[in-house]
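First the structure, in the form of structure tokens, and then the observations on it.
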Amino acid sequence: MPTYEVIHRCDLTNEQRDALAAAITEIHAQLFTVSKIFVNVWFRHWHEGGRYVGGQPECNNCIRAFVRGGPARSREQYVELVKQVRAAWYKVVPSTPDKETFLHVINVMDSIAAGMEFDFWTPPAGGDVEWFQENWKELTEKAKDFPQIRRLVDEVRDRGLAPKL
């Protein structure tokens with residue numbers, strides 16, 4: 001479902017990538033009541049000449065988020081998402097405006113209209129809890145064969161979002 005692209009010009013260590021991915025996943029899961037298993041974080045290292053701004057070569061750090069949009073999510077939630085992701089970057093990658101580690105851009109695009117993961121259709125934004133309830137039997141069955149679905153089932157139970165049977 002949600003996909004975050006961390007496009008960086010600075011070198012990030014494995015530990016920094018791990019910490020950023022964990023932080024972004026936690027932020028998204030908490031703000032939007034989404035299972036962590038569905039949050040994707042990709043890292044891409046930019047090299048000089050790979051991006052242009054205003055027709056000029058530009059090489060900087062940015063994070064792009066592709067998420068599900070709709071009336072269930074407010075602009076304030078997206079602004080909060082940006083604030084928390086920015087704070088996570090600076091916690092993991094200390095920086096000042098004159099350093100190559102400065103985070104120049106964070107964009108959130110509510111562009112996921114439909115999708116499928118593990119043969120399940122993704123619910124509309126804000127519909128995750130109902131989706132867990134409606135698909136619970138199939139999720140618990142698939143959890144026997146897929147460790148990722150097992151983690152989803154465990155997380156949903158731990159967060160108190162599983163159906164009361």
Side-chain angles (χ1 to χ4, degrees), residues 1-8 12-45 61-95 101 103 105-165:
M1 282 194 281
T3 300
Y4 288 80
E5 289 183 314
V6 179
I7 304 164
H8 54 98
L12 296 177
T13 66
N14 288 339
E15 292 80 14
Q16 287 173 314
R17 286 192 303 271
D18 291 349
L20 278 170
I24 289 169
T25 299
E26 185 67 28
I27 291 164
H28 192 95
Q30 292 303 316
L31 274 175
F32 300 121
T33 319
V34 173
S35 173
K36 294 176 188 177
I37 196 70
F38 292 127
V39 180
N40 298 275
V41 181
W42 300 354
F43 289 88
R44 183 175 304 153
H45 194 275
N61 303 303
C62 66
I63 298 175
R64 294 188 298 193
F66 300 90
V67 301
R68 294 171 294 155
R73 295 194 177 158
S74 67
R75 175 167 168 72
E76 290 76 22
Q77 285 177 295
Y78 292 130
V79 168
E80 184 60 28
L81 174 67
V82 169
K83 287 178 182 178
Q84 289 186 33
V85 167
R86 180 179 181 274
W89 172 273
Y90 287 121
K91 181 176 180 183
V92 173
V93 187
S95 185
T101 53
L103 182 59
V105 176
I106 302 173
N107 288 324
V108 178
M109 291 152 274
D110 61 346
S111 57
I112 299 177
M116 181 179 278
E117 293 195 35
F118 295 99
D119 288 333
F120 291 98
W121 288 103
T122 57
D128 293 84
V129 174
E130 293 81 12
W131 182 88
F132 297 145
Q133 311 275 322
E134 292 167 5
N135 292 286
W136 191 248
K137 184 177 178 191
E138 287 179 80
L139 287 166
T140 55
E141 275 302 308
K142 273 200 184 205
K144 296 173 187 173
D145 298 319
F146 294 95
Q148 299 93 330
I149 301 295
R150 176 84 242 147
R151 290 196 318 263
L152 170 115
V153 167
D154 291 344
E155 177 192 353
V156 169
R157 281 189 181 129
D158 291 347
R159 291 173 71 186
L161 303 173
K164 310 288 185 236
L165 302 174

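Only heavy atoms go into these numbers, but all of them, side chains included; no hydrogens, no water, no symmetry mates.
Contact check for H28 versus Q84: no side-chain heavy atoms found under the 4.5 Å cut-off. Contact annotation: the side chain of R159 approaches that of T33 to within less than 4.5 Å [non-hydrogen atoms, C-beta and beyond]. Looking at heavy atoms from C-beta onward, D154 lies in side-chain contact with R150 at the 4.5 angstrom threshold. Residues D119 and M116 have side chains in contact (heavy-atom distance under 4.5 Å, counting atoms from C-beta outward). Under the 4.5 Å side-chain criterion, counting only non-hydrogen atoms from C-beta, R44 is not in contact with H8. Using a 4.5 Å heavy-atom threshold, the side chains of I149 and L139 count as touching.
The backbone N or O of E5 sits nowhere less than 3.5 Å from a side-chain atom of R64 that would complete a donor-acceptor pair. At distances below 3.5 Å, at least one donor-acceptor pair connects side-chain atoms of Q16 with backbone N or O atoms of T13. T101 places a side-chain N or O within donor-acceptor distance of the main-chain N or O of P94, the cut-off being under 3.5 Å. Put simply, the side chain of Q133 gets close to the backbone of L161: a donor and an acceptor are under 3.5 Å apart.
Partners of K137 according to the side-chain hydrogen bond (donor to acceptor under 3.5 Å, both in side chains) rule, which considers only residues two or more places apart in sequence or in another chain, do not exist here. Under the rule for a side-chain contact (heavy atoms from CB on, under 4.5 Å), the partners of K36 that lie at least two apart in sequence or sit in another chain are T25, E26, A29, E155.
The shortest non-hydrogen separation linking A19 to V92 is CB-CG2, 3.7 Å. Nearest heavy-atom pair, G69 versus Y78, reported as atom, atom and distance to 0.1 Å: CA-OH, 3.3 Å. Taking both residues in full, the closest heavy atoms of S95 and Y90 are given as CB-CE2, 3.5 Å, listed atom of the first, atom of the second, then distance. When every heavy atom of L12 is checked against every heavy atom of V93, the shortest pair comes out as CD2-CG2, 3.7 Å. Residue A23 comes nearest to A88 through the heavy atom pair CB-CB, 3.8 Å, listed as atom of the first residue, atom of the second, then distance. Heavy-atom minimum distance, V34 versus R73: CG2-NH2, 3.8 Å.
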**Study point:** Derivation of the side-chain contact (heavy atoms from CB on, under 4.5 Å) call for L152 and F146
**Key:** CA-CA 10 Å; L152 170 115; F146 294 95; over 6 Å; no
Exercise for review: Apply side-chain contact (heavy atoms from CB on, under 4.5 Å) to V82 and V108, showing your working.
Suggested key: CA-CA 8 Å; V82 169; V108 178; 3.6 Å; yes
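Taking OG of S35 as the reference point, atom CD of Q148 lies at 11.0 Å (rounded to 0.5 Å). For the atom pair CZ (F43) and CD1 (I63), the distance works out to 8.0 Å, reported to the nearest 0.5 Å. Separation of atoms CZ (R157) and OG1 (T140) is listed at 7.0 Å; rounding is to 0.5 Å.
A side-chain contact (heavy atoms from CB on, under 4.5 Å) with W89 holds for exactly one of I106, N61, I24; it is N61. Of the residues W131, F132, F32, F118, the one that meets the ring-ring contact (aromatic ring centres under 6.0 Å, His included) test with F38 is W131.
Other residues, nucleotides and ligands contribute at most 12 non-hydrogen atoms within 6.0 Å of the CZ atom of R86.
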